[in-house]
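Just so you know, ligand 1 is whichever comes first in the structure, and atom 1 is the first atom listed for that ligand. Computed from a predicted model, the values in this text were never measured in an experiment. Positions are given from 1, in the same order as the sequence printed here.
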Amino acid sequence: MTAQILDGRAVSAKILDRVSREVEEFVDATGRVPCLATVLVGDDPASHTYVRMKANRCAKVGMRSRRIELDAGITTETLVDHIRELSDDPEIDGILLQHPVPSHIDERAAFEAIAPSKDVDGVTRTSFARMAFDEGGFASATPGGIMALLDAYDIPLSGKHAVVIGRSAILGRPVGMLLLARDATVTYCHSRTVDLAKHVAEADVVVAAVGRPGLVRGEWIKPGAVVVDAGYADNTGDVEYEAAAERASYITPVPGGVGPMTIATLLAQTIKAARDHEAFRTGGPA
Ligand code: NAP
């Protein structure tokens, strides 16, 4: 078997087309341009690239972006103050704090300074709880993008055994919750998991979210399984792509799979936030 590609570039392009139309309608109706604020701390080159890509995408769909770049030595308190200011600013619809922040900063405190109505990257406790309780709200952007990609290919999830490798607050944990909400049976694996190969071999759906190239061996994949590789390190995913593609029914390429879906989800959630804010201001429907 040679797997069909889950083409994140193609699916995200369709989502971004839709977002562009929604932005145009929003601007026509309100005279206001939706705005995403991006907050970047320090000078990690990869983080700079990610933030620049997000700002470029905003421009392409007709949204504004406001870039806040802060020195690596900033304190948690000052970062929290900056984010609170954005939370209170009526011109801002969404806030993205680029992860990871330097290790001396309390990232959780910084995330929690994002107003839940502007949490378009789905990183606050409020968004996390809504995902866990299946109450809508903003999904974590990468997990939300993964679900949108699976849905674009009509991949059935109910009753399927999904194995998620990684349990970070922004990726592994929330994607497992979103899969659970779709009635998958979910197993989480992490750095203390004993016999990762055995768990992966039992999976109908594998989501790899670690950041270790080649961690998931192609020969572990159950024939016909769906493989989603969110890992990204040295331009490579977590899964041995060629060997896994021989066994899987569907697989994401790296790059071009999960990555583009993350940005598309972020912008889809930003236009939604703008509509919600406008509805709140005017007392009309969201
Ligand atoms: P993270 O916070 O470092 O979490 C990594 C997870 O992998 C942890 O839960 C860790 O377990 C687990 N892990 C480490 N070694 C393992 C092993 N040998 N076996 C099984 N699990 C292991 O990373 P993250 O922020 O979630 O990101 C994960 C990857 O996704 C990275 O490559 C990142 O670049 C990529 N990513 C991609 C996108 C995108 O848009 N495509 C977005 C976000 C992240 P413990 O919890 O036990 O430490």
Contact atoms of ligand 1, heavy-atom distance to [X] under 4.0 Å:
| X | value |
| --- | --- |
| Gly231 | 29 (C), 30 (O), 32 (O) |
| Ile165 | 20 (C), 21 (N) |
| Ile170 | 25 (O) |
| Gly259 | 40 (O), 41 (N) |
| Arg212 | 15 (N), 18 (N) |
| His99 | 25 (O) |

Q. For atom 30 (O) of ligand 1, which of Ala169, Ala230, Ala209, Ser191 has the closest heavy atom?
A. Ala230

Q | Per-residue contact class, Thr193 against ligand 1 - non-hydrogen pairs under 4.0 Å | A | neither

Q: Check each heavy atom of Met261 against ligand 1 and say whether those closer than 4.0 Å belong to the side chain, the backbone, both or neither.
A: neither

Q. With no hydrogens and no angle check, is any side-chain donor or acceptor of Glu240 less than 3.5 Å from a backbone partner on Arg217?
A. no

(Q) Under a 3.5 Å distance rule, please check whether Ser140 uses its side chain to pair with a backbone N or O of Gly122 as donor and acceptor. (A) yes

Considering only protein heavy atoms, which is closest to [atom], and at what distance to one decimal place?
| atom | result |
| --- | --- |
| atom 4 (O) of ligand 1 | Ser168 CB, 3.8 Å |
| atom 27 (O) of ligand 1 | Leu171 CD2, 3.9 Å |
| atom 39 (C) of ligand 1 | Thr262 OG1, 3.7 Å |
| atom 31 (C) of ligand 1 | Gly211 CA, 3.7 Å |
| atom 8 (C) of ligand 1 | Arg167 N, 4.0 Å |
| atom 5 (C) of ligand 1 | Val210 O, 3.7 Å |
| atom 21 (N) of ligand 1 | His190 C, 3.2 Å |
| atom 38 (C) of ligand 1 | Thr142 OG1, 3.9 Å |

Q. Picking from Ile68, Asp121, Leu86, what satisfies side chain to side chain contact (heavy atoms under 4.5 Å, CB included) with Ile95?
A. Leu86

**Q.** side chain to side chain contact (heavy atoms under 4.5 Å, CB included), paired with Lys54, selected from Thr49, Leu267, Leu266, Thr270
**A.** Leu266

Q) salt bridge (charged side-chain N to carboxylate O under 4.0 Å, His left out) with Asp93: which of Arg66, Arg275, Lys118, Arg32? A) Arg32

Q | Gap between atom CG of Leu171 and atom OG1 of Thr262 - 0.5 Å precision | A | 8.0 Å

Q) Got a second to check how far Arg212's CZ is from Ile165's CD1, nearest 0.5 Å? A) 12.0 Å

Q. Is it true that the side chains of Thr252 and Asp229 contain a donor and an acceptor less than 3.5 Å apart?
A. no

(Q) Looking only at the side chains, is there a donor atom on one of His161 and Glu202 sitting less than 3.5 Å from an acceptor on the other? (A) no

Q) If every non-hydrogen atom of Leu6 is compared with every non-hydrogen atom of Val227, which pair is closest and at what distance? A) CD1-O, 4.2 Å

Q: Report yes if some heavy atom in the side chain of Leu178 is under 4.5 Å from a heavy atom in the side chain of Arg182; otherwise report no.
A: no

